[in-house]
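What follows is a short report on a single structure.
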Amino acid sequence: MKYVLLGSLGNITKPLAQQLIAARQQVTIVTSEAARAAAITALGAMPAVGSIEDIGFLTATFTGADAVYLMIPPKWDANPWKQWIAGVGEGYAKAVKAAGVKKVVFLSSIGADQPSGVGPVSGIHHAGVALDAGSGADVLHLRPAYFYFNLFSAAGLIKQAGIYGNNYGPDRKIVLVHPRDIAAVAAEELLKLDFAPGSVRYIAGDERTSKEIASVLGAAIGKPALPYVEFSDEDNIKGMVGAGLSQEAAENYTEMGASIRNGVMFADYQKHRPVLSTTKLEDFAKEFAAAF
């Protein structure tokens with residue numbers, strides 16, 4: 001079968017492509033960087049270089065595909081960010097419909113059942129709504145948990161201040177997942193293509209409190225007493241802006257943290273908890289320590 005994957009050679013798309021290619025499928029990978037074309041070709045896939053905001057390019061690239069894998073990358077200068085994400089989803093829907101693609105696997109997110117109040121994930125919600133309503137395809141919404149790899153961003157705070165923190169409490173349980181486990185689920189669904197329109201599948205590997213995350217990561221880097229500190233929303237925004245994020249991005253991430261604090265982010269997940277994958281926090285901590 002013919003598949004088109006968005007996400008260039010990212011942490012999910014690359015292993016996803018490798019699994020599809022190993023299954024002897026034809027894969028095209030969309031990238032915005034011409035410099036990555038050679039690496040995509042070396043992987044055994046066909047590169048398609050262009051912008052995810054170019055509906056004509058996407059339509060041409062999607063035409064003839066049995067299924068497409070869609071994801072929306074971060075755009076740090078987008079303002080307003082949620083509206084940009086939703087707009088990209090609307091563009092995807094137009095391209096999928098124009099290309100006549102009948103099956104779509106969309107990388108959504110835990111919390112994407114919420115139309116507002118969950119930071120950038122609210123934008124993903126609206127992108128998903130646009131795909132369901134306007135693409136003419138059967139859409140499977142993958143809702144992975146918080147990526148382990150997002151914890152890499154805590155390295156600077158740990159090195160500079162000797163703490164790990166966020167704007168939710170130390171006993172708040174966080175749902176975590178490894179990108180390779182997301183790729184495995186995406187590959188499974190793309191190879192079967194038996195999902196119904198508007199389907200949702202949650203993906204998670206571990207559920208740990210914030211203070212447990214601090215303890216496990218701390219032990220892995222030789223700081224077993226690494227404390228977890230809860231920040232106010234105001235201090236959280238200030239710290240992110242100081243670290244180089246835009247005010248818009250900082251406010252959105254802080255809103256997402258607040259939704260974790262008040263339980264909204266994980267509420268629907270708790271009603272539809274999946275079987276957890278085998279990659280646990282302790283496994284990722286080894287990767288964290290190697291990169292620290």
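- There is no side-chain donor-acceptor pair under 3.5 Å between Trp84 and Glu248.
- A donor-acceptor distance shorter than 3.5 angstrom exists from the side chain of Thr59 to the backbone of Ile55, with no hydrogens or angles considered.
- In this structure, the side chain of Glu90 does not engage the main chain of Val88 through any donor-acceptor pair within 3.5 Å.
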Decide yes or no on side chain to side chain contact (heavy atoms under 4.5 Å, CB included) for Leu151 and Leu217, but give the supporting numbers first.
CA-CA 9 Å; Leu151 295 172; Leu217 294 184; 4.3 Å; yes

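- Counting heavy atoms from C-beta outward, Tyr202 and Ile110 have side chains that approach closer than 4.5 Å.
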Quick one: do Lys211 and Glu230 satisfy salt bridge (charged side-chain N to carboxylate O under 4.0 Å, His left out)? Show the steps, please.
CA-CA 10 Å; Lys211 64 183 179 184; Glu230 181 178 2; over 6 Å; no

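- No continuous path of hydrophobic side-chain contacts links Tyr164 to Phe231 [ILVMFWY only; heavy atoms under 4.5 Å].
- Not counting sequence neighbours, the partners of Glu255 by the salt bridge (charged side-chain N to carboxylate O under 4.0 Å, His left out) test are Lys82.
- In this structure, the side chain of Asp206 does not engage the main chain of Leu176 through any donor-acceptor pair within 3.5 Å.
- Between Ile12 atom CD1 and Ile182 atom CD1 the span is 4.0 Å, to the nearest 0.5 Å.
- When the salt bridge (charged side-chain N to carboxylate O under 4.0 Å, His left out) test is applied to Glu207, the partners found at least two apart in sequence or on another chain are Arg273.
- Of the possible donor and acceptor atoms, one in the side chain of Lys280 sits under 3.5 Å from a partner among the backbone N and O of Ser277.
- In this structure the side chain of Leu142 reaches within 4.5 angstrom of the side chain of Val185, judged on heavy atoms.
- A distance of 15.5 Å separates CZ in Phe288 from CG in Asp283, rounded to the nearest 0.5 Å.
- Judged by distance alone, with hydrogens and angles left aside, the side-chain atoms of Ser199 form a donor-acceptor pair with the main-chain N or O of Ala196 at under 3.5 Å.
- Residue pairs satisfying the side-chain hydrogen bond (donor to acceptor under 3.5 Å, both in side chains) criterion with at least one member in residues 61-72, sequence neighbours excluded, are absent.
- Side-chain contact annotation: Thr254 with Asn167, donor-acceptor N/O pair under 3.5 Å absent.
- Using a 4.5 Å cut-off on side-chain heavy atoms (C-beta onward), Arg143 and Ile203 make no contact.
- The shortest side-chain heavy-atom distance between Phe106 and Ile124 falls under the 4.5 Å cut-off.
- Residues passing the ring pair (Phe, Tyr, Trp, His ring centres under 6.0 Å) test with Phe57, sequence neighbours excluded: none.
- The backbone N or O of Ile260 sits less than 3.5 Å from a side-chain atom of Arg172, completing a donor-acceptor pair.
- Contact check for Val27 versus Ile29: side-chain heavy atoms found under the 4.5 Å cut-off.
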Test side chain to side chain contact (heavy atoms under 4.5 Å, CB included) on Val68 and Leu58 and set out the steps.
CA-CA 11 Å; Val68 298; Leu58 291 179; over 6 Å; no

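- Legend: side-chain hydrogen bond (donor to acceptor under 3.5 Å, both in side chains) pairs involving residues 95-109, not counting sequence neighbours, sorted by first then second residue: Lys103-Asp138.
- At a threshold of 4.0 Å, the pair Lys192-Glu188 counts as salt-bridged, since one of the basic side-chain nitrogens sits closer than that to a carboxylate oxygen.
- Although no hydrogens or angles enter the test, the distance criterion places a donor-acceptor pair under 3.5 Å between the side chain of His272 and the main chain of Asp268.
- The structure places NZ of Lys159 at 10.0 Å from NZ of Lys223, a figure rounded to the nearest 0.5 Å.
- Pro120 places a side-chain heavy atom less than 4.5 Å from the side chain of Tyr253.
- The aromatic rings of Tyr269 and Phe266 sit perpendicular to each other, their planes meeting at more than 60°, with 30° as the lower class boundary.
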Assess the residue pair Tyr92 and Phe62 against the criterion (ring-ring contact (aromatic ring centres under 6.0 Å, His included)); give the C-alpha distance rounded to whole Å, side-chain angles, the decisive distance to 0.1 Å, and a yes or no.
CA-CA 10 Å; Tyr92 287 173; Phe62 293 167; 7.2 Å; no

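- Rounding to the nearest 0.5 Å places CD of Gln26 at 11.5 Å from CG of Leu20.
- Listed by first and then second residue, the side-chain hydrogen bond (donor to acceptor under 3.5 Å, both in side chains) pairs involving residues 2-12 are Ser8-Thr31, Ser8-Arg36 (not counting sequence neighbours).
- Between Trp81 and Trp76, the ring planes are tilted. Angles from 30° to 60° get that label.
- At distances below 3.5 Å, not a single donor-acceptor pair connects side-chain atoms of Ser135 with backbone N or O atoms of Asp132.
- Counting heavy atoms of neighbouring residues, nucleotides and ligands inside a 6.0 Å radius, atom NZ of Lys94 does not exceed 12 of them.
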Leu5 and Thr28: side chain to side chain contact (heavy atoms under 4.5 Å, CB included), yes or no, with the steps?
CA-CA 6 Å; Leu5 314 180; Thr28 297; over 6 Å; no

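- Put simply, CD1 on Ile237 and CG on Asn252 are 9.5 Å apart, with the number rounded to the nearest 0.5 Å.
- Residues Asp171 and Thr209 bring no donor and acceptor atom of their side chains to less than 3.5 Å of each other.
- Looking only at side-chain heavy atoms (C-beta outward), Val96 and Leu70 come within less than 4.5 Å of each other.
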Dump the intermediate steps for ring-ring contact (aromatic ring centres under 6.0 Å, His included) on Phe147 and His178, then the final yes or no.
CA-CA 6 Å; Phe147 292 10; His178 200 287; 9.4 Å; no

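- Note: Lys14 NZ to Gln19 CD = 13.0 Å, rounded to the nearest 0.5 Å.
- Formation of a donor-acceptor pair under 3.5 Å by the Asn166 side chain with backbone atoms of Tyr168 is not found in this model.
- Side chain of Thr13 to backbone of Leu6: a donor-acceptor contact under 3.5 angstrom is found.
- Residues Val264 and Val118 meet the side-chain proximity criterion, which asks for heavy atoms closer than 4.5 Å.
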